[in-house]
Amino acid sequence: MQLLIDLATMAVMFPGGIPATDLSLVRGDKIPLRVTLLDEGAPVTPSGVRPALAVKTALGDETLVLAATNLEPVDDALGPAYVGSLSVNTTQLIEAMGSAASIDLIGEVVLIAGDGSQRTSSLIRVTVRQDIMPADVIPPEDVLADWSALVADALAAQLPDALKEAGVELEAATGQSTLSSGDAADTWTIVGGYAMTWGDEILAGHLPDSCRLRSISTVYFFETPAANQYCLRVWRLTDGAYSLIGTSAYVSNLSSGQTATWVFTPGVPLTRGDVIIIQVCEGTEMTPYALGMHAVLTPSVPGRGLVTEVNNPPAVNGTMAPLMTVVVDYDDGITLGGMELATARQLDSLGRDVRQSSVTAEAAARTAGQAATTASTSADNAATSATESANSATAAQQALAAMPQVDAAGNMTLAGGLTAAGAVNANGGVNIPLAVGAVTDTSAVNRLYAAGMAGVTGILTSNAFLKTDAITASGSSTVTKTVPYHLAGIKVPKGTHSTIQARFEVSNPQWNYSSFAGFSFLWRATNAAKLSFGIGRGGKTIRPDLSIDSYSIIPANGLAYNHGEILDITFDNVRNTDRNGYTVRVREIFALNNTDSWQVKTTTSFVPASQNEPVPWTIAKVIYQQKSAANIARYEDTGALWLMLTGGQGNNLYQIATCRGVSNFETGVGVSQWVTDVVNNAAGDVSVYAGTGEYTYYHPGNVNPVFYGLDAISRNCIETEETADFVDINIPL
């Protein structure tokens, strides 16, 4: 397991920059651990600093359940880091788990300086599942050289007759994992198929050696919607040719930006090491079809990425790995008294090296686990399987000895005298002539480009100052303002209601086309509240002192048709203790044409948060951005709405809705005011704090990279979306 720590933010990541918010472990494992400290993106091992991985039952509990404290600094071919191991079978863990099938723990990486001071990373949820075998037969630290007796004993222990004579019945055991690929590219590419070896580094998450593929989710983009029906087919390389092993259910009428989930029923059996191709097909004819999608920036190599680089592929093409989420089920197993008996995934704990060199024995054990009624005959095959496993292990050791080895400096000498240096760059290993005076330090060049792009983004924004003198609040609320700092606090007394209206003082840089691409502003409330604001062209009517479910802003002029829209966000501040978070509702009022008039899209999202991270108390900013100017006659999810939260969450950026967006024409400044409604049924005063905002303008080509940046690093919390005709809700208090 490899963890990366950003020293500036103490954020924990997996390789590729994937946030490490969850870990899945199995009791009994001994996991190699590598911790890399990043200083401005470069790996370092500061003098006197030692990292440790600490796992406990709760945030305030000082008793460690798991710990890796013996990490030693190294500087190998992968760069400077700290290495060691994590044992997932401590006495404290066994006591904490008891007989439970799994346990959720809290983990963090602790950096201990030479003077004893400590820094802690962002929190990690650590889920530990019960070991696959009883504790008294867990293999020792060293990998067993001959484990045929262990397999034979495990098989014999599963004999149905012997178990029934002892009064014990076998029960089914199942499990599931969610895997995800890396960061998305800023632009999308056309992909019709993707080749990969099942189990390589593209998909992060707990991947069992044998499983059933249940679903694949991807996001697609089109110039025009894909109006037909589409499916995914999975091909596996067998005896030099690809054969079809699974076809998903159809997904119809894909629109740009839509997440498509391809479901396989009852699931496609896969084993680590399978060479597969995922193929997109159109219609009942299953014609190969290319779709636009975001992609993981992973180079294509033979067997992964380019389908044309593999042997005998089906008729598909592709260039890189699609950004995707994959759900898999473990192979069915059986339990004895609540303890799982050996299947392929249980054999993980016998050691990675043995597992890779014992395909035949794994198959025998897996067959025994899946078909308990034939287990009695499998015992006779165990000895043969173990012998073949030993032969396979010997062959694997001989093959490893014949391979060229990399020395401590990262160099390797191949047969024939070719030497590969550990650091191959433009001036070492391969000499690429450069123009006189050209900068050769790639880190410096990258920093210059990054600084330049940051400067461009800063230039293409403008400030919006809160007009504190113009803030109004109905009822007995009081407004405290700071001038000239454009900050305000509004206090709503207990048992009262208040409608708060605020405007922004902005420049007016646009003429008839505004280039408005987004807006963000400071806002938070200390209890239940509703926030409403209008975007783009057309008048808006504000209606104070209505019920919390009423619309505080509606289209003006008797609901006359225009191109703008209204966003209405409701925070009920009621924490769901079962799901550990808060529900947020977004209502978007829009019109596609003059005939259909106004519609309402209601989006329900769930923001994960602990008791100490209430919403909307922890909101720092409300953010609206759109990737491009919207087509006012079509709904294409051009815009999106995010919440930036403070507190202890591992992720502080959450997408809570997608929106149609607005056009550039006569958009004005985009957002000029907001309205907040508070019905204070709390035990004390409720406060609303607000401040300045910032407008985002399109970059050249009418694209907004801010949207793509937020979309790439945020967590999508949307759960349901429903669109209906607009029916006004106007209930006075």
**Request:** In plain terms, say whether E721 and K601 are close enough for a salt bridge, that is, a side-chain N and a carboxylate O under 4.0 Å apart.
**Result:** yes
**Fill in**
Separation between CD1 (I245) and CG (D274), nearest 0.5 Å, reads 6.5 Å
**Message:** Testing N664, L460, V703 one by one against Y698 for a side-chain contact (heavy atoms from CB on, under 4.5 Å), which residue passes?
**Reply:** N664
**Asked** Can you name the closest pair of heavy atoms from N716 and I718 and give their distance?
**Response** OD1-N, 3.0 Å
**Asked** Is there a donor-acceptor contact under 3.5 Å from the side chain of W198 to the main chain of V275?
**Response** no
**Asked** Are L567 and I535 side-chain neighbours, meaning at least one heavy-atom pair lies under 4.5 Å?
**Response** yes
**Request:** Decide side-chain contact (heavy atoms from CB on, under 4.5 Å) for I569 and V622; before the verdict, give the C-alpha distance in whole Å, the side-chain angles of both, and the deciding distance to 0.1 Å.
**Result:** CA-CA 10 Å; I569 314 168; V622 177; 4.3 Å; yes
**Request:** Let me know which of Y635, Y561, W598 forms a ring-ring contact (aromatic ring centres under 6.0 Å, His included) with F590.
**Result:** Y635
**Prompt:** Does a sphere of radius 6.0 Å around CZ in R537 hold more than 12 heavy atoms from other residues, nucleotides or ligands, not counting ones at 6.0 Å or beyond?
**Reply:** yes
**Message:** A side-chain contact here means heavy atoms from C-beta on lying under 4.5 Å apart; do R660 and L592 qualify?
**Reply:** yes
**Prompt:** How close do R233 and C281 get, heavy atom to heavy atom, and via which atoms?
**Reply:** NE-SG, 3.4 Å
**Asked** Which heavy atom in T218 sits nearest to a heavy atom in L323, and how many Å separate them?
**Response** CG2-O, 3.7 Å
**Asked** Is a salt bridge present between K627 and E636, judged by a nitrogen-to-oxygen distance below 4.0 Å?
**Response** no
**Request:** Could you tell me whether a side-chain N or O of Y654 sits under 3.5 Å from a main-chain N or O of N651, the two making a donor and an acceptor?
**Result:** yes
**Request:** Locate the shortest heavy-atom distance separating C717 from P608; write the atom from each residue and the value.
**Result:** SG-CD, 4.1 Å
**Request:** Taking the side chain as every heavy atom from C-beta outward, state whether Q279 and P288 have any pair of such atoms under 4.5 Å apart.
**Result:** yes
**Full working for side-chain contact (heavy atoms from CB on, under 4.5 Å) between S248 and V263** = CA-CA 5 Å; S248 76; V263 178; 5.9 Å; no
**Message:** Evaluate T325 against S180 for side chain to side chain donor-acceptor pair (under 3.5 Å), listing each step before the verdict.
**Reply:** CA-CA 4 Å; T325 301; S180 61; 5.8 Å; no
**Interatomic distance, M324 atom CE to L203 atom CG [nearest 0.5 angstrom]** = 4.5 Å
**Parallel, tilted or perpendicular, as decided by the 30° and 60° cut-offs, for the rings of W642 and F707** = perpendicular
**Asked** Going by the salt bridge (Lys or Arg N to Asp or Glu O under 4.0 Å) test, which pairs reach into residues 241-261, not counting sequence neighbours?
**Response** none
**Request:** Please step through side-chain contact (heavy atoms from CB on, under 4.5 Å) for the pair N576 and T583, ending with a clear verdict.
**Result:** CA-CA 8 Å; N576 186 316; T583 297; 5.6 Å; no
**Asked** So how far is it from E282 CD to N228 CG, rounded to the nearest 0.5 Å?
**Response** 4.5 Å
**Request:** Could you pull out the closest heavy-atom pair between T259 and S217, with the gap in Å?
**Result:** CG2-CB, 4.2 Å
**Asked** Okay, side chain of D596, backbone of N593: is any donor-acceptor separation there less than 3.5 Å?
**Response** no
**Message:** I want to check something: taking the side chain as every heavy atom from C-beta on, are E565 and I589 in contact at a cut-off of under 4.5 Å?
**Reply:** no
**Complete:** Here the gap from T247 atom OG1 to W235 atom CH2, rounded to the nearest 0.5 Å, amounts to 8.0 Å
**Request:** Please step through side-chain contact (heavy atoms from CB on, under 4.5 Å) for the pair T720 and T603, ending with a clear verdict.
**Result:** CA-CA 6 Å; T720 63; T603 302; over 6 Å; no
**Message:** Determine whether H699 and Y697 satisfy the following criterion, ring-ring contact (aromatic ring centres under 6.0 Å, His included), listing intermediate values before the conclusion.
**Reply:** CA-CA 7 Å; H699 285 219; Y697 297 96; over 10 Å; no
**Request:** Would you list the pairs meeting salt bridge (Lys or Arg N to Asp or Glu O under 4.0 Å) in which at least one residue belongs to residues 583-594, sequence neighbours left out?
**Result:** D549-R585, D568-R587
**Message:** For a 4.5 angstrom cut-off between non-hydrogen side-chain atoms, does F726 reach Y551?
**Reply:** yes
**Request:** Please examine the side chains of M644 and S520, heavy atoms only from C-beta on, and report whether any two atoms are closer than 4.5 Å.
**Result:** no
**Request:** Would you verify whether the NZ or CZ of R579 falls within 45 degrees of the ring axis of F606 while also being under 6.0 Å from that six-membered ring's centre?
**Result:** yes
**Request:** Output the distance between atom OG1 (T265) and atom CZ (R214), rounded to the nearest 0.5 Å.
**Result:** 7.0 Å
**Message:** Quiz question: by atom type and distance under 3.5 Å, do the side chains of Q625 and T696 form a donor-acceptor pair?
**Reply:** yes
**Prompt:** Do the side chains of L4 and F14 get nearer than 4.5 Å, heavy atoms only?
**Reply:** no
**Asked** Any chance the side chains of S628 and N702 put a donor and an acceptor closer than 3.5 Å?
**Response** no
**Item:** Evaluation steps, ring-ring contact (aromatic ring centres under 6.0 Å, His included), between F519 and Y624
**Value:** CA-CA 5 Å; F519 186 61; Y624 171 82; 9.2 Å; no
**Prompt:** Does the side chain of Q229 come within less than 4.5 Å of V251's, by heavy atoms?
**Reply:** no
Side-chain donor-acceptor pairs under 3.5 Å in residues 15-26, sequence neighbours left out?
| residue | atom | partner | partner atom | Å |
| --- | --- | --- | --- | --- |
| D22 | OD2 | R125 | NE | 2.8 |
| D22 | OD2 | R125 | NH2 | 3.0 |

**Asked** About how many Å separate CG of L559 and CG of N562, when rounded to the nearest 0.5 Å?
**Response** 10.0 Å
**Message:** Would the distance check show the side chain of N704 and the main-chain N or O of V706 forming a donor-acceptor pair, the cut-off being under 3.5 Å?
**Reply:** yes
**Prompt:** Do you know which two heavy atoms are closest between V280 and L232, and how far apart they sit?
**Reply:** CG2-CD2, 3.7 Å
